[in-house]
Chemist: 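Submitted below is the structure of interest, expressed as structure tokens.
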Amino acid sequence: MAKEKKVAGAGSRPEARLPKGFRDIGAAELAQTRAMLDTIRGVYESYGFEQLETPAIEYTDALGKFLPDQDRPNEGVFSFTDDDGQWLSLRYDLTAPLARYVAENFQTLPKPFRRYATGTVYRNEKPGPGRFRQFTQFDADTVGTDNLAADAEICMLAADTLEALGIKRGDYVIKVNNRKVLDGVIEAIGLVGQENAGRRLTVLRAIDKLDKFGPEDVRLLLGDGRKDESGDFTKGAGLSPNQVATLMEFIERASESAALMRSAARSGDIFNNDVDQGYFVLREGGSFYQSQLCIDGHQELETIRGLLRGAGYGMNQIIIDYSVVRGLEYYTGPVFEAELTFEVKDEKGNPVRFGSVGGGGRYDGLVERFLGQKVPATGFSIGVSRLQAALNVLNAADASAPLGPVVVLVMDKGELPRYQRMAQELRRAGIRAEMYLGTSGMKAQMKYADKRGAPCVIIQGSDERDKGEVQLKDLIEGAKAAAAIADNKEWKESRPAQVSIKETDLVAGVREILARHGVTS
RNA sequence: GCCGCCUUAGCUCAGUUGGUUAGAGCGCUAGAUUGUGGAUCUAGAGGUCCCCUGUUCAAGCCAGGGAGGCGGUACCA
């Protein structure tokens, strides 16, 4: 019969469930996020960036995500049409809205315009481990200058931010490259002209996989293709053996060079100029030095490197790494990637690498889309959620829930005003407090207080009331004391961590308990 | 998008060659204890065995299709 009732209503009832790739976030994580955002904000503001907030929704064409030849937004973004039939989209990053803002307010903004922004962004794509369809980014950008000092500062900012968040020097690295270098290398193997645009992208994608797959798989991706462990085949760039060999030489030298830098950094040799300058492939006389693009890119990197080292940032913080790719059709010059380098084991003992927690670079074309006039810009974006997940693994102990409010138990339903008054008294003293608002008995109220993480409860039944007293029970100390008591009678009679005080001393008594647990309000 | 694996209670999972009323541990609720969160004991609630169609006297189990989840891969500002 009970069954029939269920079945009867089931079809029309909605299922309580979250859309794939979205998640609910509880008090403990939110408190942690807030602290992180405050820290990042402090660093960004110290560099002189000012805050800007733009809406979560923009016109789709302003975000620049239309499929070629189709009057329809790109996959990957959440889009819908407005009343007037215009396409709107949820922002998928904070840079495209910045470009729109700068273009719209170009006349009045100070140039260079330096702003930071944080907010939720949305991507309509398949979620993966640690990848969601809604997440928080924290960006800083300098718009309106091609001065490479702006790029150097972005790198410093990234390093300072990670350190402010408690990531030790050596547990992270900011990698810098220049898209002109890779473009030059690709040009050097003859992939020039419009007809090779697709191949150039495939090559860049292959190089981008170096960290993930290693050199052998990159070689396959540059050639015919690669089969993954599920048996799926990825078509390669189809380069000739010669072209592959040339690219692989570059890639392997580049990672060798980066490895040398890291090992120098580990041994404390953080300003060793020979190592720092990178491998000979890009120095004068090296095999790629004929390409003008390579030369330009290399010289820009040298300028940035000079600024960084001059400011005291060594190879233990920021290095040049020629294998960094980042956004494919987006960046036009220097690119940056913030990578966490420490390794941790998951619960099964497998090593987990977090990899990139932020990135950015110089994008000289974004504002130009609107204005038709070159407005060079450079910036950096932190993936807050991903970084937070990494930090949680780094300090695994720090996942504890925040303390809840002090709970005033309702022992006598006829005395609600009295209990309410106690809660108010605590609130006025700056102590988070609540009167129990349910209707259950004392045992249930104790369980409730326990679940809320209350540091203590206030108990006043008729006995205490008659004497003008209240009982304060320290739930944290009480839980510790309980562990030593096996007998229920003793547990009840000893009333661990419970004291009786004058009702007039309520605030002082609670403060004493809070202070015991490190709360000073 | 493509490939592989998976789906039984709130959670983690058993479930025989297809055979009566589908189980365990944990969790939850209540009692033992008229005013004390823990421990112990007892009792209770909780199920569309992912969905649909088929095979069969009989399907959690077999077949086909679908959905959802996980992992890999592709795309990724």
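Please read these numbers as outputs of a predicted model, since none were measured by experiment. Sequence lines set the chain letters: A, B, ... in the order given, protein chains first and strands last, and positions in each chain run from 1.
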Chemist: For a quick check of understanding: with a heavy-atom distance under 4.0 Å over all strands, which category does A/I459 fall into, base, sugar-phosphate or nothing?
Modeler: base
Chemist: Using OP1 and OP2 only, check whether a side-chain N or O of A/K212 sits under 4.0 Å from B/rU73.
Modeler: yes
Chemist: Report yes if a side-chain nitrogen or oxygen of A/K20 is closer than 4.0 Å to either non-bridging phosphate oxygen (OP1 or OP2) of B/rG69; otherwise report no.
Modeler: yes
Chemist: Between B/rU36 and A/Q498, counting only base atoms on the nucleotide and side-chain atoms on the residue, is there a donor-acceptor pair under 3.5 Å?
Modeler: yes
Chemist: With a non-hydrogen cut-off below 4.0 angstrom, is A/K492 in contact with a base, only sugar-phosphate, or nothing?
Modeler: base
Chemist: Would A/R100 pass as a cation-pi partner of A/F370, given that its NZ or CZ must be under 6.0 Å from the six-membered ring centre and within 45 degrees of the axis?
Modeler: no
Chemist: Determine whether a donor-acceptor pair (one donor, one acceptor, N or O, separation below 3.5 Å) exists between the side chain of A/K473 and the base of B/rG35.
Modeler: no
Chemist: Could you check whether A/D93 gets within reach of a base, just the sugar-phosphate, or nothing at all, counting any heavy atom under 4.0 Å?
Modeler: sugar-phosphate
Chemist: Think A/R205 has a side-chain N or O under 4.0 angstrom from the OP1 or OP2 of B/rA74?
Modeler: no
Chemist: Does A/T332 reach the main-chain N or O of A/R362 with its side chain, forming a donor-acceptor pair under 3.5 Å?
Modeler: yes
Chemist: Please determine if A/D474 and A/R516 form a salt bridge, counting it only when a charged side-chain N lies under 4.0 Å from a carboxylate O.
Modeler: yes
Chemist: Looking at B/rA77 and A/Y92: do their rings stack (centroid distance under 5.5 Å, interplanar angle under 30°)?
Modeler: yes
Chemist: Classify the nucleic acid contact of A/G441 as base, sugar-phosphate or nothing, counting any heavy atom under 4.0 Å across all strands shown.
Modeler: nothing
Chemist: Confirm from the modelled atom types if A/K126 and B/rU73 form a donor-acceptor pair under 3.5 Å, side chain to base only.
Modeler: yes
Chemist: What heavy-atom pair brings A/P334 and A/L148 nearest, and what distance separates the two atoms?
Modeler: CG-CD2, 4.1 Å
Chemist: What does A/K235 touch in the nucleic acid at a heavy-atom separation under 4.0 angstrom: a base, only the sugar-phosphate, or nothing?
Modeler: nothing
Chemist: Please work out if A/Y363 contacts a base, only the sugar-phosphate, or nothing of the nucleic acid, heavy-atom cut-off 4.0 Å.
Modeler: nothing
Chemist: A/W491 ring centre to A/K480 NZ or CZ under 6.0 Å, with the angle to the axis within 45°?
Modeler: no
Chemist: Hey, can you tell me if A/F78 and A/F22 have their rings parallel, tilted or perpendicular (30° and 60° cut-offs)?
Modeler: tilted
Chemist: Does a side chain donor of either A/R115 or A/Q51 reach within less than 3.5 Å of an acceptor in the other side chain?
Modeler: no
Chemist: Applying a 3.5 angstrom cut-off to the pairing atoms, does RNA chain B sit in any stems of at least three consecutive Watson-Crick or G-U pairs? List them by first number.
Modeler: B:1-7 with B:67-73, B:10-13 with B:23-26, B:28-32 with B:40-44, B:50-54 with B:62-66
Chemist: So, does A/K480 get its side chain near the phosphate of B/rG37, meaning an N or O under 4.0 Å from OP1 or OP2?
Modeler: no
Chemist: Any base atoms under 4.0 Å from A/S381, or only sugar-phosphate, or nothing? Heavy atoms, all strands.
Modeler: nothing
Chemist: Hydrogens and angles aside, do A/Y122 and A/D93 bring a side-chain donor and acceptor to less than 3.5 Å of each other?
Modeler: no
Chemist: Regarding A/R131, tell me which of base, sugar-phosphate or nothing describes its non-hydrogen contacts under 4.0 Å with the strands shown.
Modeler: base
Chemist: Please state whether the phosphate of B/rU29, meaning OP1 or OP2, lies under 4.0 angstrom from any side-chain nitrogen or oxygen of A/K447.
Modeler: yes
Chemist: Can you say whether a donor on the side chain of A/Q460 sits under 3.5 Å from an acceptor on the base of B/rG35, or the other way round?
Modeler: no
Chemist: Whether A/W491 contacts B/rG37 is assessed here as follows: a side-chain N or O lying under 4.0 Å from the phosphate OP1 or OP2. Is that the case?
Modeler: yes
Chemist: Just checking A/A486: base, sugar-phosphate only, or nothing, at a heavy-atom cut-off of under 4.0 Å?
Modeler: base
